Structure formats: C-alpha cells, structure tokens
Amino acid sequence: MSEREERVELTVDGETIAGRAGQSIAGVLLAAGRTHWRSTAAGGRPRGLFCGIGVCFDCIVTVNGVRDVRACQRRAHDGDVVLVQGPQDEGRAGEEP
Amino acid sequence: MTHVVVVGAGPAGLAAAAAAAEAGARVTLLDGAEHLGGQFWRHARADDDAPRAPRLQHAWSRYRALRDAVRRECEVVLGASVWAIDVSGERAVLHALVGEADGRAREPRSWRPDAVVLATGAHDRTLPFPGWDLPGVVTAGAAQAYAKAEGIALGRRVVVAGAGPFLLPAAVSAATAGSRVVGVYEANPLRTLASGWLPRAWRLAGAWRKGIEAAGYLADLARHRIPYRVGTAVVAAHGRERVEAVTIAALDATWRPVAGSERVVETDAVCVSHGFLPRLELPVAAGCALSAERFVVVDEDQRTSVPGFWAAGEITGIAGADAAIAEGRVAGASAAGAVPDPRALRMRARHGRFAERMHAAHGIRGGWTAWLTDETVVCRCEEVSYGRLVATLRHAPDAGLRSLKLATRAGLGICQARVCGRTVEELIVAERAPGDATSDARPLAIPVRLAELALGEDATPSQRKEHDV
C-alpha cells in the first residue's frame with residue numbers, strides 16, 4: 001500500500017483523530033474540522049493556522065512532550081500525542097531536561 | 001573540486017544546484033522542508049511523482065527534471081534548518097539542525113564550503129486589520145500550500161483579498177479544493193494596476209508565460225464564477241471563536257477606505273496577502289548588502305557583496321518562478337567557477353522588469369492604516385495593539401524601533417518579527433520621520449532549542465559531522 005492511503009491516528013488532548021500518512025499535524029486537525037487549537041498567553045484568544053509555511057509560529061502545539069512544534073511543518077506520525085498550548089503553559093519548563 | 005552549498009530547494013535553489021553540478025562542482029543542497037520544490041512546487045513527499053492536485057502545479061515536468069538532476073548529481077539534505085552562518089574565519093561555516101521540524105533530537109551538522117548559494121525565497125506579507133488574528137483568517141500562501149499538498153479546503157465560503165497577482169492562483173486553489181470563493185478583492189484600483197502593467201507592455205513580451213498564466217487564472221475565475229474586484233479590501237473580520245464574516249470596503253488610490261462603501265459578507269475562511277517579504281535571515285547573517293528596497297544586492301553573476309556568497313530567486317527581488325530558475329542557473333554556474341549559460345542570462349533579462357512592474361501595480365499604499373482601530377492586534381505573538389504602539393510612540397517621541405520593541409514587546413515574540421516587523425517600522429514612519437533601524441537582523445535564523453545548542457557545543461565527532469573538501 002502506498003504511503004498515500006495509509007492512515008495515522010493522533011491523540012489530541014485525549015481525543016483520537018485520524019488522518020492520512022504524509023499529512024502535517026495541522027492538516028490532520030483541519031481535515032477533522034478543527035480551525036483553532038492554541039490559546040494566546042495574554043488574551044486567551046484562539047489561534048490556528050495562519051502562514052502555513054512555518055514562518056508565523058501561530059500554530060504551535062506540544063507533540064510527544066516537546067513544546068512549540070509548528071503543526072504546519074511537522075508530519076503526523078501514527079501514535080503522536082498532541083496537546084494544545086494555552087496560557088496555563090506559560091513559564092512551564094517544557095521539554096528542557 | 002569546488003564544493004558548493006545551496007540553501008533552499010525551491011525553483012532558484014534547484015536550478016542553482018543542478019547548474020553547479022553540471023559545471024563540475026560537488027554540491028550539497030539543503031532545505032528545511034521534507035520535500036524538494038519549495039513553496040512554488042509544494043507537495044506531500046508521497047506525491048512526488050504524481051502531485052495530489054496536478055491542476056494547481058505549474059511546470060511540474062520542469063520540477064521533475066530538476067529534481068532528477070539534483071538527486072543524481074548532488075548530496076540532498078532535507079529537514080535541514082540552517083540556523084547560523086559563521087563568517088569570522090577564512091571560509092564561511094554553515095550550521096544546520098537536521099531532522100523533524102522543531103524536534104528535540106535533531107542532528108547538528110555543519111559545512112565549510114568554497115561557495116554558498118542562498119535561495120531562501122519569500123513568504124507572504126499580510127497587513128493587520130481588525131479581526132485578522134481570528135482563526136480562519138490565513139495568508140494566501142497557506143491556502144495555496146494546503147490545497148496543493150494536502151487537498152484541504154480551508155472553508156466553504158472563502159474570501160480572497162489583498163494585493164498582487166498571487167491572489168489569482170490562491171483563489172483558483174481554494175475553488176479547486178472545493179471551496180466556494182465569494183470574491184477576489186485587489187486593493188489597488190484599475191488605474192494603478194494599468195499604470196504598472198500597461199506602459200511599454202511589449203517589453204514584457206519575453207515574460208509571455210506570465211501573461212498566459214494570468215489569462216489562465218482569469219479564465220478559471222470565470223469558470224468558477226468568482227468575481228474579481230479592484231480597489232476594494234477586507235477592512236475587518238468578525239467572529240468569536242473563528243471568522244464568521246468580513247467587512248469589505250472600497251479604497252481610494254492610497255488604500256484609505258471610502259466612508260459609506262462598507263458591506264458585510266458572510267465567510268468562514270479569508271485568505272489575505274499584500275505581497276511578499278524575502279527571507280533575509282541568512283543573507284543578513286552573512287553580511288550581504290541589501291538594496292534600499294531591502295532585497296539582496298547581486299551583480300550580473302548573482303554574486304552578493306560578500307566573497308563566496310551568491311544569491312538567487314525571491315531574496316533578490318520578487319519576480320516569480322521563471323526568473324528564479326534563470327537566476328539560480330546563473331548563480332550555480334558562477335559559484336562553481338564556470339561561465340553562466342547565455343540562455344539563462346537572456347531568460348533572466350526577460351524577467352528583469354517584472355518586479356518593478358509588480359511593485360508599481362500592486363505595491364502597498366500608505367492609507368491602509370486608516371482601517372486600524374486602537375484594539376487591532378499588530379504583533380500577533382505578543383498581542384500588542386495598534387493603540388498601544390501609537391501611545392508609546394507619542395509618549396516617547398525620540399524612541400527608535402528598538403526602544404519601541406522593548407517598551408511594547410512588539411516584534412519580540414516567537415516569530416521574531418517576521419510577521420509584524422515591516423508593519424511596525426511603517427507605523428513608526430507614519431507617526432514621524434523614518435529611522436534607519438530595521439527588523440531584518442536575527443542572531444539565530446530559526447528558533448533553536450537550548451538543549452540542541454548544548455549538543456552542538458559538546459558534540460563528539462560522530463555527532464558533529466564537519467563536511468569539508
């Protein structure tokens with residue numbers, strides 16, 4: 001079977017979302033009908049995809065424990081655990097050991 | 001043997017790598033993405049032989065020829081984010097992290113080549129307007145990328161707005177991906193567009209492919225029954241959790257909204273771009289001279305002001321893929337120590353005037369600040385409003401860009417002012433006389449994790465591969 005037809009499953013804040021292998025994490029989220037996933041630190045405003053090419057960092061998520069991963073740039077892998085980021089995460093040490 | 005490193009695998013970088021290899025150099029081609037082709041030929045890696053959306057790809061056979069050439073002749077390193085260029089020694093050293101985007105355990109690699117070709121491209125510039133930070137408002141580039149690579153329509157009823165010929169393919173992409181495109185709104189009035197494109201139009205004859213491309217897009221707009229309106233703009237987006245409607249207004253020639261012309265249109269996705277900004281991090285890190293218009297200055301062989309550095313494509317001026325390929329071929333051959341192919345020189349000359357024309361026809365005009373309100377977010381990362389910026393400027397009339405950034409945090413967030421930098425500069429100019437500071441210099445070309453830097457410092461020889469001749 002080609003990579004194109006293979007499915008991947010992510011958990012996004014505990015919910016299972018299926019996508020196609022080769023898609024970005026943002027692509028899987030958008031295809032599942034989610035338009036926003038991050039909340040801003042100061043205003044708690046919803047954010048999602050904006051530039052789509054890795055420049056604006058608006059779409060960042062935590063992937064498998066690593067914070068600030070650009071969802072538009074990172075390819076989705078089966079079993080990825082994705083957490084949305086919000087004001088509650090500010091100042092958390094994140095992935096640094 | 002001359003070792004040439006090419007940074008960026010879009011049309012310019014692919015052409016440069018292929019030309020350098022053809023001229024006998026050893027070539028390393030680096031790109032941060034997982035696929036070759038850059039944004040112009042954006043596609044999913046699995047679709048490399050047959051793109052998911054073939055109707056949205058231009059000159060795909062050209063891509064395949066360049067791709068096959070570089071795969072055969074060059075060392076290709078994908079997922080390579082070049083984060084620093086060290087020019088302190090006799091030969092420049094390029095430092096990259098190789099691996100999954102923003103991953104934790106990327107491999108640090110560095111190269112010390114004889115020649116570097118920078119072909120890092122450009123990204124959309126979007127001016128702020130009330131509500132532009134709502135989910136569902138994206139750049140036209142994002143709409144293109146997601147239609148091309150993932151076949152995703154970003155909304156059911158899509159509005160495309162801003163300035164420039166790139167709005168047309170963005171609208172066609174959205175329609176092809178399954179959206180209903182309510183309209184395409186170009187800010188410049190017909191008079192401005194005509195004054196840019198029409199005078200001595202025969203001089204554009206060499207760039208006939210662009211004309212055919214534009215005609216094709218206009219035919220597609222007609223086929224999809226998408227109206228194209230000039231002298232109009234999206235001046236506000238409305239919604240709670242995501243965009244639900246926009247206000248569209250007529251603009252005067254300076255882009256000031258015409259009072260009373262506003263109307264509200266329901267939409268669930270808005271694609272907005274007002275032009276492009278070159279990705280200057282690496283040229284600036286290398287010390288390359290920039291023009292007054294803030295593009296990399298190159299000579300007839302695409303040499304920059306810094307010995308050992310060449311530049312090609314959109315970082316030398318926004319002129320499209322054909323010009324980028326021509327410039328890449330010239331740069332690659334010259335970097336390899338060969339004489340550039342006269343056909344590439346001729347092709348480049350034919351596209352030379354395109355950039356000026358585009359700026360004259362579609363350039364940003366200063367009246368746009370009239371659609372801002374005090375609450376409009378200017379810096380998306382740090383959530384700094386227009387009102388706060390202006391109040392700070394008025395409170396400290398002598399403050400420069402740096403003080404303004406420190407006082408408000410505008411431009412100090414995670415995108416490193418890539419989105420708002422030019423806008424903040426222009427707002428200062430609008431308030432008072434221009435300063436000479438810019439937002440282009442970034443100590444690190446991309447955000448790097450502290451742990452990865454530490455790994456780079458202490459890395460054992462097996463972890464840290466120095467690629468030398």
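Basis for what follows: all heavy atoms, side chains included, without hydrogens, waters or symmetry-related copies. Not measured: the values here are computed from a predicted model. Naming: A, B, ... by sequence-line order, numbering from 1 per chain.
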Heavy-atom pair count under 4.5 Å with chain B, highest-scoring of A:Ala31, A:Gly43, A:Gly54:
A:Gly43

Is there a side-chain contact between B:Asp102 and A:Arg67 (heavy atoms, below 4.5 Å)?
no

I'd like to check B:Pro135 versus A:Trp37 (side-chain heavy atoms, cut-off strictly below 4.5 Å). Are they in contact?
no

Pairwise side-chain contact, A:Val55 with B:Arg279, heavy-atom cut-off 4.5 Å (strictly under):
yes

Counting heavy-atom pairs under 4.5 Å with chain A, the top scorer among B:Arg418, B:His123, B:Arg380 is B:Arg380

B:Arg42, part contacting chain A, at a heavy-atom distance under 4.5 Å:
side chain

Of all heavy-atom pairs between B:Ala142 and A:Cys51, which one has the smallest distance, and what is that distance?
CB-O, 3.3 Å

So, the part of B:Glu241 with a heavy atom under 4.5 Å from chain A: the answer is both

Under a 4.5 Å cutoff for heavy-atom pairs, which residue among B:Glu150, B:Arg240, B:Gln144 has the most contacts with chain A?
B:Glu150

Find the distance between NE2 (B:His35) and CZ (A:Arg75) and round it off to the nearest 0.5 Å.
11.5 Å

Would you say the side chain of B:Thr139 lies within less than 4.5 Å of the side chain of A:Ile53, judging by non-hydrogen atoms?
no

B:Ile152 versus chain A, heavy atoms under 4.5 Å apart: side chain, backbone, both or neither?
side chain

May I ask you to name which of A:Ala26, A:Pro46, A:Cys72, A:Cys56 has the most heavy-atom pairs under 4.5 Å with chain B?
A:Pro46

Taken to the nearest 0.5 Å, the spacing of B:Cys415 SG from A:Arg70 CZ works out to 11.0 Å

One option among A:Asn64, A:Thr40, A:Leu30, A:Ile60 has the most heavy-atom pairs under 4.5 Å with chain B, and it is A:Thr40

What part of B:Ser273 lies closer than 4.5 angstrom to a heavy atom of chain A: side chain, backbone, both or neither?
neither

To the nearest 0.5 Å, what is the distance between CG on A:Leu49 and CG on B:Leu154?
6.5 Å

So which of A:Gln73, A:Arg45, A:Gln23 has the biggest tally of heavy-atom pairs under 4.5 Å with chain B?
A:Gln23

For B:Glu100, is it the side chain, the backbone, both or neither that has a heavy atom under 4.5 Å from a heavy atom of chain A?
both

